[in-house]
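Since the structure comes first, as structure tokens, the remarks are kept for the end.
Convention: sequence-line order gives letters A, B, ...; per-chain numbering from 1.
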Amino acid sequence: MREPILALVDLPNSTIRPAPVDFRPMSTDRTLTISTTRRGTAQLWSRTLIPTTREAPNDAEVPSHVLLHRAGFIRQVGAGIYDYLPLAWRTLRKISDIVRDEMNAAGASEMLMPALEPFELFKDTKRDQTYGDNLFRVHDRRGRINALAPTHEEVITELLRGCVNSYTQLPLNLYQIQTKFRDEARPRAGLLRCREFIMKDAYSFHLDVDGPGGLNEAYDAMFRAYSNIFARCGLDFSAVEAESGPIGGSASHEFMVNCSSGEDTVLKCPVSGYAANVEKCEIGLRPAPSKGYFAGDPSGTLEEVHTPGCPGIDDVCKFMKVKPQHMLKSVLFKVQSTPEQVAKFGEEYILAVVRGDHEVNEGKVKALSGCTDIALADPVEAIAKGFAIGFVSPRAAVGKKGVLVLVDRDAAIGFDDAAGKSKFWVTGGDKKDYHVKHFNWQRDLGKDPLAANAQGENKGGLRGGDDYLMVGDVRNALEGDPSPRADNTKLVAARGIEVGHIFKLGAKYSDAMGLRVLDEKQQKRSVIMGCYGIGVSRTMAACVEMSHDADGIIWPAALAPFHVLITLMKPDDPRQSQASLALSRDLTAAGIDVLIDDRDERAGVKFKDADLVGLPIRLTLGDKALDAGGVEFKARKGPAGAKPEVVPMGESVARCVAGLNG
RNA sequence: CGGGGUAUAGCGCAGCUUGGUUAGCGCGCUUGACUGGGGGUCAAGAGGUCGGCGGUUCGAAUCCGCCUACCCCGACCA
């Protein structure tokens, strides 16, 4: 067996398995000094676990999954469950450290809550329902149900209820970095959608929304902190307006790592800087048709077409040889009324109509209708009410009480200005297996819909209101749509991976759980909350998605598990190993983390692994460079065929520092 | 939850259609020799409940049934 490199540092000869190396600088002065400067760490490749592989498992498809596996960062344990090996854990720690740094600087305090929670807590906020099957349930020995926490709003609100009762204790911002659990319907894409993942979640508490100490102030501080965090991580990211989703609340922003393989679509205005998730994105002013909405003669006689087994737009288009943009898509929502409301107004529905090639946006339907509590109608129930699901047209609403029709601007066209003729519409036949062509708004809804609206005819509408039909924006924005923030500017689409999300929650959780404080006027007031999440493990994967090449990962210096890899050409050679130890001492003293590849492998293997693992700088120590009194310096990120450069030993630390900062 | 697919050594795969000695191949691993700056060569090895259970059969990796796990598309998704 070859002489271990470690024997170079006076170690007892008796140790078979080498003891940890003392990488501290040799000094005659053994006085302990306290330093606030971070010292880098050094690690021998042969004495840690970095199981690189030439091939990835067949299961891995996305680049981050393949590369994190091949480079020895992660191993899969089960669906959506992974081991974080030493390199991964170092990177995760680096992310967490940056997160802590910025959260603390923004006035938040770190704490830790349990992963296991009594199930009752989720019943209090009805999230046992809204989270549904995504909530992991655990039965204990007494048959009680516990939840594995997917997030901690309930726990922290409950905590605060017990210890905060005066406005003088607010505002507060508390956070934790912890493993979260979600029983995802379909875990996928390696670390990007897991059932167990590491997350930073923060919760802020306020007496007011506005003013000093208010929610808006904390929200803005978190927005800045998040921007700092992702910038310091070295990520290319965008902050975009977002839908707040089932967690509830008003304003919300997502932080997206810009990456073509991302599964979220964002739309950006190149002029104003406005950016939003496709689910949230507003659409700017769309030019109204010259003759007005719904105006235009029929393109022909309303004609029924037998379309057996074609409930979907695609099926009909194929069957009838018509383009989706000539179809009307009608999507039925049911208003979620209380029993009292049902007694007063009956069952109520909203029919959203968009062009066949567009998608209905539920948030916009809520906004335009003024109904915040709606859900896709149950097909069976809807059919019983006379809506032929799959074959519904706007005509289905005519004559029915308690139905509001929302028509997207692009679907409310009667005369096609661009084509210079009446619009040809295909839509549902309102009975199973039939569609109609030559649909015309004015003729087939009985009268000019907007005029009928104004005159209170047609007897539709919600909650006794007058409108039975409204025209507006009820569809998802698309690339090329007008920007809502700049004239004559089109929205541009981009893909991203969500790594952070901040919300203004309001009093949703505090009201549900009775978290109230006494204000200066002795009044009980609901506490206003915000919550702020960062997917730590997802950030690591997103970084790899964003930054890799055919050879492997390319880590930004801030997230690299080690900053510098010293590749020893001949670990057995005393001159080389001695030089590597001296070099690593100097580097760690300068705060640089060093991995020394001391394996007895061929050069090719070591270089391939170096590229795969992707540390920012590789220093190669071999006879060539040593004879020249230096070390070879090569940046991982750089021109593909760049020749390594020999740097004099004395300048190597400075070069590394410069390379890492640059 | 709907649709599709896969399961054979640590990883990637062949064998199955048409059942039949000891289940193969590449990578990796161990030992040795030669090598030594981009996954080297040669030699000798170790490593398998063929995902599980049941059935058919003289005989099952192979045929049949059930189950499980994992992956992909969709639905879903702070």
Under 4.0 Å between a side-chain nitrogen and a carboxylate oxygen: does that hold for [X] and [Y]?
{"X": "Glu263(A)", "Y": "Arg188(A)", "value": "yes"}
{"X": "Asp600(A)", "Y": "Lys606(A)", "value": "no"}
{"X": "Asp551(A)", "Y": "Arg636(A)", "value": "no"}

Name all pairs fulfilling the salt bridge (charged side-chain N to carboxylate O under 4.0 Å, His left out) condition that reach into residues 60-80 of chain A, sequence neighbours left out, sorted by first residue then second.
-> none
Roughly how far apart, to the nearest Å, are A9(B) and G55(B) at atom C1'?
-> 29 Å
Pairwise P distance, A60(B) and A14(B) [rounded to whole Å] = 25 Å
[atom1]-[atom2] distance between [X] and [Y], expressed to the nearest 0.5 angstrom:
{"X": "Phe136(A)", "Y": "Phe119(A)", "atom1": "CZ", "atom2": "CZ", "value": "13.5 Å"}
{"X": "Arg100(A)", "Y": "Ile177(A)", "atom1": "CZ", "atom2": "CD1", "value": "4.0 Å"}
{"X": "Met103(A)", "Y": "Met222(A)", "atom1": "CE", "atom2": "CE", "value": "4.0 Å"}
{"X": "Ile95(A)", "Y": "Phe230(A)", "atom1": "CD1", "atom2": "CZ", "value": "9.0 Å"}

Identify all pairs in which a protein N or O lies below 3.5 Å from an N or O of nucleotides 40-42 of chain B, and state each distance.
{"from": "G40(B)", "atom 1": "N7", "to": "Arg602(A)", "atom 2": "NE", "distance (Å)": "3.1"}
{"from": "G40(B)", "atom 1": "N7", "to": "Arg602(A)", "atom 2": "NH1", "distance (Å)": "3.0"}

Can you check whether any acceptor in the base of G38(B) is under 3.5 Å from a donor in the side chain of Arg618(A), or vice versa?
-> yes
Report yes or no: is there a donor-acceptor pair, N or O only, under 3.5 Å between the side chain of Arg193(A) and the base of C77(B)?
-> yes
Any ring-ring contact (aromatic ring centres under 6.0 Å, His included) pairs touching residues 46-74 of chain A, not counting sequence neighbours?
-> His65(A)-Tyr82(A), Phe73(A)-Trp555(A)
Toward the 5' end of RNA chain B, by each residue's nearest nucleotide, Arg182(A) or His65(A) = His65(A)
Of Arg195(A) and Asp609(A), whose closest RNA chain B nucleotide lies nearer the 5' terminus?
-> Asp609(A)
With heavy atoms under 4.0 Å as the rule, sort Asp611(A) into base, sugar-phosphate or nothing.
-> base
Hey, does Arg75(A) reach any base, or is it just sugar-phosphate, or nothing, if we go heavy atoms under 4.0 Å?
-> nothing
Aromatic Phe633(A) / basic Arg655(A) pairing, under 6.0 angstrom, 45° off normal | yes
Hey, what are the protein-to-nucleotides 30-33 of chain B N/O distances that come in under 3.5 Å?
none

Starting from P on C27(B), measure out to NZ on Lys608(A) and report it in whole angstrom.
-> 17 Å
Results of salt bridge (Lys or Arg N to Asp or Glu O under 4.0 Å) for Asp183(A) - residues two or more places apart only | Arg195(A)
Provide a list of protein-nucleic acid N or O atom pairs under 3.5 angstrom, restricted to nucleotides 7-12 of chain B.
{"from": "G12(B)", "atom 1": "OP1", "to": "Asn58(A)", "atom 2": "N", "distance (Å)": "2.6"}
{"from": "G12(B)", "atom 1": "O2'", "to": "Glu55(A)", "atom 2": "OE2", "distance (Å)": "3.2"}

